[in-house]
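Every chain is numbered from 1 and lettered A, B, ... according to where its sequence line falls, protein lines coming before strand lines.
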Amino acid sequence: MNAECGSTIRVRIAPSPTGNCHVGTARTALYNMLYARKFGGKFILRIDDTDQSRSTRESEEGVLEGLRWLGIQWDEGPDIGGPYGPYRQMERAHTYGDAAARLMAEGKAYRCYCTPEELEAERREALAAGKPPRYYGKCRNLAAEERAELEAEGRKHVIRMRVPDKILTFVDLLRGHQQKDMGERGDFVIVKSDGSPVYNFATVVDEHYMDMTHVFRAVEHLTNTFDQLAVYEAMGWDPPQFGHLTLMLNPDRTKISKRAGAVYIGEFRDMGYLPEALVNFLALLGWNPGTDQEIFSMDELVGAFSVDTLSRSDAVFDIKKLDWFNGVYIRSLTPENLAARVRPFMEKAGYVIGDQEFLERAVALVTDRLGKLTEAPDMLGFLFVDQVDLARESFGGKAKFTSADIVRALTACEGALSGLAQWTHEEIEAALRGLSKSLGWKVGDLLMQVRVAITGRRVTPPLFESLVLLGRAKSLARIARAIAALEE
RNA sequence: GCUCCCAUGGUCUAGCGGCCUAGGACAUCGCCCUUUCAAGGCGGUAACACGGGUUCGAAUCCCGUUGGGAGCGCCA
């Protein structure tokens, strides 16, 4: 039943269980969910596992995990059930069998005994003759005796649709009127020789029995739609409305692939991206709100979503823009929240995070500097180790400052800092600034020496805050150690 | 080969016949801020694929060309 009839909108995502959640799948799922939420409909997750060789329960879980991490929630699915179950194609096998049997009984489908080799030969001949490579109907009108004979030979058969010689049309929600002359289309297989349904057939049966009203999927399915329409027509069912979404592309404008970078949701998680950033980025890759707003929470996306502003041309996946979104979202996080997200990355890098509050104070120093969570261990590591590696070059400016210069400066700093009444940002800053003046050093130059002494590097979180966090004892010990190292 | 889809800066896009000397964002460049690096602020460079029409007027409509993509499977 279509939406025009007033019934509830039902949309779906139907991934095949490939083990990982592909970004393309994720974006399509997102759009479908947004559409359902926007119009008070239901968003269904169905597992398209008719290709048994590639399907396992673990490979299904990988897909669900990716979607869940992104915050994509379904109203019905294999994990939570629902009134239209089961939600795995293999568990609905009988429905395809019944549908195929009906088409056979009505003469709208027939058994084909051609072997893959014979079909391959036919295809090659057609191509060589400049004709379209398709099935030319060898088994279309087999007599009963011929069939019996072939079966006696022990031949297996598939079931093919008797494709009508007519023009099929539909109105695509994004691209308008579409049509195709099916006279050019050979009879296609709907049931494989092992009895399992082919995608184009199973999907129609599922869409029908699950009462889908709208099908939003990638453009690669646009041409398939006509085959599916033929099935709907043969079954006497009303098709849902279709909308064919754009593809995501590699920087070289080929279809997005592993080769050019990350494509699985889990990879983005491991690279330190925030799910809300990825969702925001994906949403804007192929859709626009019609305004200049760039940052959207999931709720805002629901509110702003519209089929009219879904784009029709493919979009390059620009990781630089994702990075920007990620930074924006990181900066919007509270220290507590950021710390919770950073923690696993710190631990994975081998740092032992004892005190939660300390971690929170640490991440607060780098909130503005963090592009990805994976950068945190590198930036904050010095706060979680006993001592840091020092390299003479890091202190810098060999021509400008000799090691002796630096030793003198650091010694002065050590003296000034050890004499502070309180180990606070204000006192430390006042002491060091005062020292730079009396020593005749530029503030930046002097602070750089302290910076390197306590962190081992030249690019770090703000110095005064870092010293406060490190504590007086550790800070002074590191300065002393740096002096000793430079004196060697 | 056949069928179909798409076409605004490097990237994502706004634009749906005059409001366009084409707007926003990312990236990039410069300046400011500044204890490093960021973040932030300000400013700059940069696009209507090409050729025909239609029209008083075209980025916007039509046709063709080119380019890119998809499909033509017992993959989904």
Original post:
When the P atoms of B/G18 and B/A76 are considered, how many whole Å apart are they?
Top reply: 48 Å
Subject >> The single option from A/W287, A/F317, A/F268 passing ring pair (Phe, Tyr, Trp, His ring centres under 6.0 Å) against A/F281 >> reply: A/F317
Subject >> Minimum side-chain heavy-atom gap A/T424-A/F464 below 4.5 Å >> reply: no
Original post:
Expressed in angstrom and rounded to an integer, what is the separation of A/N200 atom CG from B/C75 atom P?
Top reply: 12 Å
Subject >> Pair A/F242 + A/F170: ring centers closer than 6.0 Å >> reply: yes
Original post:
What are the residues of residues 308-329 of chain A, sorted by number, that bring a heavy atom to within less than 4.0 Å of RNA chain B?
Top reply: A/S311, A/R312, A/S313, A/D314, A/A315, A/V316, A/D318, A/K320, A/K321, A/W324
Subject >> Shortest side-chain distance from A/L285, nucleotide among B/U35, B/C2, B/C12 >> reply: B/C12
Subject >> B/G23 versus B/U66 - spacing of their P atoms, nearest Å >> reply: 33 Å
Subject >> Point-to-point distance, once rounded to the nearest 0.5 Å, from CD of A/E220 to CG of A/L245 >> reply: 10.5 Å
**OP:** Give A/F464 one of three labels, base, sugar-phosphate or nothing, depending on what nucleic acid heavy atoms sit under 4.0 Å from its own.
**Re:** base
Original post:
Roughly how many Å is it from CZ in A/R217 to P in B/G71, rounded to a whole number?
Top reply: 13 Å
Subject >> Residue matched to B/U65 through Watson-Crick or wobble contacts both under 3.5 angstrom >> reply: B/A49
Original post:
Going from CG on A/L476 to SG on A/C413, what distance comes out if it is rounded to the nearest 0.5 angstrom?
Top reply: 10.5 Å
**OP:** Pick base, sugar-phosphate or nothing for A/P15, based on heavy-atom distances below 4.0 Å to the nucleic acid.
**Re:** nothing
**OP:** Sticking with atom P, work out how far B/C72 lies from B/G41, rounded to a whole angstrom.
**Re:** 49 Å
**OP:** Find the distance A/N250:CG to B/C12:C1' and express it as a whole number of Å.
**Re:** 16 Å
Original post:
Could a donor-acceptor pair under 3.5 angstrom be found where the side chain of A/R458 meets the base of B/U36?
Top reply: no
**OP:** Tell which nucleotide pairs with B/C31, taking only Watson-Crick or G-U wobble pairs whose two distances are both under 3.5 angstrom.
**Re:** B/G41
Subject >> Whether over 12 other heavy atoms sit under 6.0 Å from A/K442 NZ >> reply: no
**OP:** Could you measure between the two C1' atoms, the one in B/G1 and the one in B/G10, and give it in whole Å?
**Re:** 35 Å
Original post:
Under 4.0 angstrom, heavy atoms only, what part of the nucleic acid is A/H244 near: base, sugar-phosphate, or nothing?
Top reply: nothing
**OP:** Side chain of A/L222 only, please: which of B/C4, B/A14, B/C37 is the nearest?
**Re:** B/C4
**OP:** Check whether any side-chain nitrogen or oxygen of A/K180 sits under 4.0 Å from OP1 or OP2 of B/C2, and answer yes or no.
**Re:** no
Original post:
A/D187 and A/Y110: side-chain donor and acceptor closer than 3.5 Å?
Top reply: yes
Original post:
Will you find, in the side chains of A/D48 and A/T203, an N or O donor that is under 3.5 Å from an N or O acceptor?
Top reply: no
Original post:
What is the ring orientation for A/Y199 with A/H221, classed by angle as parallel under 30°, tilted 30 to 60°, or perpendicular over 60°?
Top reply: tilted
**OP:** Could you work out which one of B/C37, B/G73, B/C12 sits closest to the side chain of A/R253?
**Re:** B/C12
Original post:
In whole Å, what separates the C1' atom of B/U45 from that of B/U65?
Top reply: 32 Å
**OP:** Would you mind pulling out the nucleotide paired to B/G1, Watson-Crick or G-U wobble, both distances under 3.5 Å?
**Re:** B/C72
Subject >> A/R185 to A/F226 six-membered ring, cation-pi geometry met (6.0 Å, 45°) >> reply: no
Subject >> Counterpart base for B/G10, defined by Watson-Crick or G-U wobble contacts under 3.5 Å >> reply: B/C26
Original post:
Does a distance-only test, which skips hydrogens and angles, find a donor-acceptor pair under 3.5 Å between the side chain of A/T223 and the base of B/C4?
Top reply: no
Original post:
The side chain of A/V198 lies closest to which of these nucleotides: B/A76, B/U3, B/G24?
Top reply: B/A76
Subject >> Where A/P78 and A/I47 come nearest, the two heavy atoms and their spacing >> reply: CG-CG1, 3.8 Å
**OP:** May I have the distance from A/K255 (atom NZ) to B/G69 (atom P), rounded to whole angstrom?
**Re:** 12 Å
**OP:** Using a 4.0 Å heavy-atom cut-off across all strands, classify A/G286 as base, sugar-phosphate, or nothing.
**Re:** sugar-phosphate
Subject >> Nearest-angstrom distance from the residue atom CG of A/L245 to P of B/C6 >> reply: 13 Å
**OP:** For A/P462, report the nucleic acid contact type (base, sugar-phosphate, nothing); a contact means any heavy atom under 4.0 Å.
**Re:** base
Original post:
A/S16 has a side chain; which of B/A76, B/U3, B/G40 sits nearest to it?
Top reply: B/A76
Original post:
If you measure from the P atom in B/A22 to the same atom in B/C4, how many Å do you get, rounded?
Top reply: 37 Å
Original post:
Of the nucleotides B/U36, B/C4, B/A70, which has the atom closest to the A/M448 side chain?
Top reply: B/U36
Original post:
What parts of residues 430-439 of chain A reach RNA chain B, counting only heavy atoms under 4.0 Å away?
Top reply: A/R433
Original post:
B/A76 P sits how many Å from A/Q228 CD, rounded?
Top reply: 12 Å
Subject >> Proximal nucleotide (of B/G40, B/C37, B/G71) relative to the A/R331 side chain >> reply: B/G40
Subject >> Heavy-atom check, side chain of A/V443 versus side chain of A/R433, under 4.5 Å >> reply: yes
Subject >> B/U13 phosphate, OP1 or OP2, under 4.0 Å from A/N288 side-chain N/O >> reply: no
Original post:
Taking C-beta and beyond as the side chain, do A/T455 and A/M379 meet within less than 4.5 Å on heavy atoms?
Top reply: no
Subject >> Sugar-phosphate, base or nothing in reach of A/R457, heavy atoms under 4.0 Å >> reply: nothing
Original post:
Of the nucleotides B/A38, B/C74, B/C5, which has the atom closest to the A/V158 side chain?
Top reply: B/C74
Original post:
What distance, rounded to whole Å, do you find between the two C1' atoms, one in B/G24 and one in B/U34?
Top reply: 29 Å
Original post:
Within this structure, what is the CG-to-C1' distance between A/L168 and B/C4, rounded to whole angstrom?
Top reply: 14 Å
Subject >> B/U8 and B/U13, which share atom name P, separated by this distance in whole Å >> reply: 9 Å
**OP:** Would you kindly give the NE2-to-C1' distance between A/H177 and B/C4, to the nearest whole Å?
**Re:** 13 Å
Original post:
When only distance counts, do a donor and an acceptor, one from the side chain of A/N224 and one from the base of B/A76, lie under 3.5 Å apart?
Top reply: yes
**OP:** Starting from the 5' end of RNA chain B, give me the residue, A/E429 or A/D368, whose nearest nucleotide shows up first.
**Re:** A/E429
Subject >> Most 5' of A/L284 and A/D292 on RNA chain B, judged by nearest nucleotide >> reply: A/L284
Original post:
OP1 or OP2 of B/C5 sitting under 4.0 Å from any side-chain N/O of A/Q178?
Top reply: yes
**OP:** Would you mind reporting whether A/V191 and A/Y96 have side-chain heavy atoms less than 4.5 Å apart?
**Re:** no
